[in-house]
Amino acid sequence: MLNKDAEKLKNLNQVTPEFLDYLQKYEQVGSSGNFIMIMKKQGSEMYFVLCNRSAKYITDFFAGQIRVEKGDSSYKISSKKFFKLNTYQVHWSNIAVEHKGHGIGKLMYTMVYQYVTHNLNGALLSDSVLY
C-alpha cells in the first residue's frame, strides 16, 4: 500500500508536456545547454528562475532563482541622477543544493546581467549583503 502511494506521488511530480506548456506564460530570457532562464515581472521586481530542461521531476526542474528590483531614483543621491543609469539591484538568490559548485550561480548571474544590460539598458548592482 505504501509503495503504491509513493509511486502515485512520484508520478504527480513528473515534468509533463502540460507542465512545460504552463511555463510558456513566462518570458524566456536566456538559455545555455540544458538550462533556460525564465522571468516574471511583478511591479518593480523581477523574478528570474533557472530551469533544468533535462530534469525528469519538477523538484529537480528548478535549479536556482534570483530576485531583482528596479533601483529607486527618488533618493537625493542616486546612480540615475548622477550617471543617467537605470539600475537593477539583486536582492536575493538561491541555488539548489545539487547544483552548488558547478558554475550554475555564475551562469544565472550572467544571464540576468545580459538581460538587464541588453533589454533594459541598465546596470546590475549587488545588494548590501554578501556571503
Side-chain angles (χ1 to χ4, degrees):
M1 177 79 165
L2 189 60
N3 286 340
K4 282 186 178 182
D5 290 340
E7 192 62 35
K8 283 181 187 177
L9 287 174
K10 193 174 183 181
N11 289 336
L12 288 174
N13 189 31
Q14 287 186 343
V15 173
T16 63
E18 293 82 16
F19 173 75
L20 295 174
D21 285 344
Y22 175 78
L23 292 176
Q24 294 300 316
K25 72 179 193 171
Y26 299 105
E27 182 179 355
Q28 182 177 329
V29 298
S31 67
S32 178
N34 287 331
F35 294 97
I36 60 169
M37 176 75 76
I38 59 175
M39 187 262 297
K40 176 185 176 186
K41 290 183 183 177
Q42 190 170 354
S44 65
E45 296 180 337
M46 294 177 286
Y47 296 90
F48 294 88
V49 179
L50 189 68
C51 305
N52 183 358
R53 289 188 282 199
S54 65
K56 185 175 178 179
Y57 298 104
I58 294 171
T59 52
D60 301 325
F61 186 79
F62 299 106
Q65 51 189 313
I66 297 178
R67 183 173 71 89
V68 175
E69 189 169 347
K70 188 165 178 21
D72 191 353
S73 61
S74 64
Y75 297 118
K76 263 188 173 178
I77 298 173
S78 74
S79 56
K80 176 105 175 156
K81 289 178 184 174
F82 283 108
F83 305 112
K84 307 288 189 242
L85 283 175
N86 293 317
T87 58
Y88 297 85
Q89 186 175 20
V90 173
H91 280 275
W92 183 81
S93 66
N94 187 30
I95 300 285
V97 173
E98 61 271 14
H99 293 294
K100 288 187 178 184
H102 299 287
I104 299 302
K106 180 180 178 182
L107 175 65
M108 279 188 357
Y109 273 87
T110 300
M111 286 183 182
V112 172
Y113 169 78
Q114 288 174 341
Y115 179 80
V116 167
T117 56
H118 296 133
N119 296 67
L120 303 176
N121 197 27
L124 187 64
L125 306 175
S126 175
D127 66 2
S128 58
V129 180
L130 298 174
Y131 295 97

Hydrophobic cluster membership, Val49 vs Leu23, 4.5 Å side-chain cutoff | yes
Under 3.5 Å, side chain of Gln65 to main-chain N/O of Phe48, donor-acceptor pair present?
-> no
Point-to-point distance, once rounded to the nearest 0.5 Å, from OG1 of Thr59 to CG of Asn13 = 4.0 Å
Given the options Leu120, Ile66, Val29, Met46 meets side chain to side chain contact (heavy atoms under 4.5 Å, CB included) only with Leu120
What about Ile104 and Ile36, same hydrophobic cluster or not, with Ile/Leu/Val/Met/Phe/Trp/Tyr joined at side-chain heavy-atom distances under 4.5 Å?
-> no
Heavy atoms of Ala63 and Phe35 approach each other most closely as CB-CE2, 3.8 Å
With the 4.5 Å side-chain cut-off for hydrophobic clustering, are Leu107 and Val116 part of the same group?
-> yes
With sequence neighbours excluded, give me every side-chain hydrogen bond (donor to acceptor under 3.5 Å, both in side chains) pair touching residues 98-125.
-> Ser93-Tyr109
Note, Phe62 side chain near Cys51 side chain (heavy atom, < 4.5 Å) | yes
ILVMFWY network linking Ile95 to Trp92, side-chain heavy atoms under 4.5 angstrom = no
Pairs in or reaching into residues 20-37: which pass side-chain hydrogen bond (donor to acceptor under 3.5 Å, both in side chains), with residues at least two apart or in two chains?
-> Tyr22-Lys25
In Å, rounded to the nearest 0.5 Å, how long is the span from NZ of Lys56 to CZ of Phe61?
-> 15.5 Å
Could you tell me whether the side chain of Gln14 reaches within less than 4.5 Å of the side chain of Phe19, counting heavy atoms only?
-> no
Please identify each residue that fulfils side chain to side chain contact (heavy atoms under 4.5 Å, CB included) with Tyr47, with sequence neighbours left out.
-> Gln42, Glu45, Arg67
Do you reckon Met39 sits in the same ILVMFWY cluster as Met108, going by side-chain contacts under 4.5 Å, direct or chained?
-> yes
